[in-house]
Amino acid sequence: MNFDQLAEMLFPNVTETPEDLERRYPPRNLPEGAKVTRFAPSPTGFVHFGGLFPSTIGERLAHQSGGVFYLRIEDTDAKREVEGAAEGLIRTLAHYGIHFDEGAILGADGKICDQGAYGPYRQSERAEIYHVYAKQLVKAGKAYPVFTTQEELDALNAVDKKAEIKSKNWQEDSGNRAEEQQKQREITIEEVAENLRAGNPFVLRILADGDPEKKIPFTDLIKGTLEIPENDEDFVLLKSDGIPTYHFAHAVDDHLMGTTHVVRGEEWLPSLAKHLMLFRYLRFKLPKYLHIAQIMRLDENGNKKKLSKRDMGANMDDYSRMGYAPACVCEYIMTLLNSNYEEWHAQNPEKPYTEFPFNIKKMSNSGCLFDFNKLNDVSKNVISKMTAEEVTSQVTEWALQFDPAFGALLQNDPAYAQTIFAIGRGGKKPRKDLATWADAKGYMGFFFDELFRIEDQIDATFEKTDIRKALEEFLATYDPADEMQVWFDKIKAITDKLGYASDMKAYKADPAAFRGNVADVSMFLRVAVTGKQNAPDLYTVMQILGEGRVRARIQKMIDSL
RNA sequence: GGCCCGUUGGUCAAGAGGUUAAGACACCGCCCUUUCACGGCAGUAACAGCAGUUCGAUUCUGCUACGGGUCACCA
């Protein structure tokens, strides 16, 4: 077989050589130790939690080392592509603080465009580049074409690939594959010529020289030393439409774009042998690999499952809807990424997570389960440190989008809203009640007459006449100008008048001696004023509500008794 | 089924041939407190199993079990 002749027949239009490309995309001029990483999604939908994860790692590695973080769109499968997905991806990532130095970016017109010297950054636009290397491989006798007729191709596209694989008999399959592969390798130059004349499409397959009985030692930066069986499968490099498969595009792109560290999910581990083979055939320097463990969830039977697209917590847009602040989600991701992050954060409470010395060695090599409890806790801590102003504007922004009626109330009187969110904020022991913006309504809704209603009842064990008397007495002596202590002393006085205990210690010593205590009287007032048994400090609440609202609500409660 | 990866409390995890096997979340109790939240203090709870190496193994080796991933002209 004359490989030069074959290469010319298959790629007559390719005139460039790999050397030309090397010149066009020279090595990057970066300081020692600078890492070049990328996020390389296929535009098939929204950003997945499992996608934000590796992109955060890539971003940290690059920017922490003074390197480059770029975005490459892997749109080599036109069948699965979703319109606008790439744009959405970029927007969502930016929302979570993931910004790219180069690659596919969002132009002023909201459309994708390229920025940087190593483009194009959309694989669909790089066909000629791949073909240069494809031709080289054919010339070297490392790749060969396999022809199919159009009818066969249509039939192939028609079947559900996944269903077919599942129903396959594995043992039978492995024997057949080697046989069929051998037959395809033996194609003659005449057969190629004939097929090309007939206009039959072909795929380009690699000529695998591996022996799966032999193991290649390989060091993954997260997994450590692994043993990879050599690849003996003549996998597809170019599909019949001339577009490369992931494997081929990965080798060519990450080489030309100068990627130093490939961060991707561990589901790629089984195809690593293919990539090692490609880099060897193409004489490319192998990048470092970080194969990260999957994010899991618990299924109905209590087994761990890969967090899939349909699961709650998978789509990053879900977090926006649920009211999680991006800063909280990022913080949570950091706790999952590096086990010593929380410790560092405790010691450096004021520093942003971007200053954390992210360390590959501290990354888990087993999967982790998504934990809303932990996310909520992290969120409460993050939000408790925000200023009232910040919380007000974020809650308002969230509510306007997802709870317009509530949003309108907040927007109507921003100063009032801010006073509400200032409760317990600041100081050494800030209130930690909000985990999401959506929680705000439940805690604070009663401040608005439109949302106020009696949610918790006063315990039926108390005499209605006691309640009425307490509330009436309070109205009689209530003066909003009172200092807190004066205000509470008045409540104590009412308590004593009722024959309740104003001294909690005395009450606890002998509960039977009293009909109730000052906490009970406070509870009457709290339910009347807030509609709830649990609320922030009642004095503060009354101060914010103002005399009119306080009196009206208490009167309404008296009337209802 | 083959191949690959993994397995420390309910969850995330530190650790390393000799430790009372950290810490965080969750849960529970107590204290503080007029309720809630916060805060403080304590508590329940773990090295998947079996062999081997060793004076000693959760840590090293092997096997088993379990979990996950993968086996496309998808990425």
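Note that this is a predicted model, so its numbers are computed, not measured. By convention in this document, chain letters (A, B, ...) are assigned in the order of the sequence lines, proteins followed by strands, and residues within each chain are numbered from 1.
- Ion pairing between a basic and an acidic side chain is recognised when a charged N comes within 4.0 Å of a carboxylate O; A:Asp77 and A:Arg80 show such pairing.
- Under 4.0 angstrom from either OP1 or OP2 of B:A75 there lies at least one side-chain N or O belonging to A:Thr76.
- Salt bridge status for A:Lys215 with A:Glu230: absent, with no side-chain N to carboxylate O gap under 4.0 Å.
- An aromatic stacking contact between A:Tyr246 and the base of B:C74 is absent, as defined here by ring centres under 5.5 Å apart and ring planes under 30° from parallel.
- With hydrogens and angles ignored, a donor-acceptor pair closer than 3.5 Å exists between the side chain of A:Arg431 and the base of B:C36.
- Taking 3.5 Å as the limit, the base of B:C73 and the side chain of A:Thr148 contain a donor-acceptor pair of atoms between them.
- Remark: C1' of B:C31 and CE of A:Met504 are 14 Å apart, rounded to the nearest angstrom.
- Residue A:Gln294 is out of contact with every strand shown, counting any heavy-atom pair closer than 4.0 Å.
- No engagement by A:Asn340 is indicated, since no non-hydrogen atom pair under 4.0 Å with the nucleic acid exists.
- For the P atom pair drawn from B:A45 and B:A22, the interatomic distance equals 13 Å after rounding to whole Å.
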Does the salt bridge (Lys or Arg N to Asp or Glu O under 4.0 Å) test come out yes or no for A:Arg515 and A:Asp466, once each step is laid out?
CA-CA 10 Å; A:Arg515 302 171 61 198; A:Asp466 284 356; 2.9 Å; yes
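- B:C30 and B:A48 have their C1' atoms separated by 36 Å, with the value rounded to a whole Å.
- Within the 4.0 angstrom heavy-atom criterion, no nucleotide atom of any strand lies near A:Met363.
- Rounded to whole Å, the P atom of B:U19 lies 11 Å from the corresponding atom of B:U58.
- Closest contact between the side chain of A:Glu267 and the listed nucleotides B:C38, B:U70, B:U11 involves B:U70.
- Residues A:Glu81 and A:Lys79 are not paired through a salt bridge, judged by the lack of any N-O separation under 4.0 Å between the basic side chain and the carboxylate.
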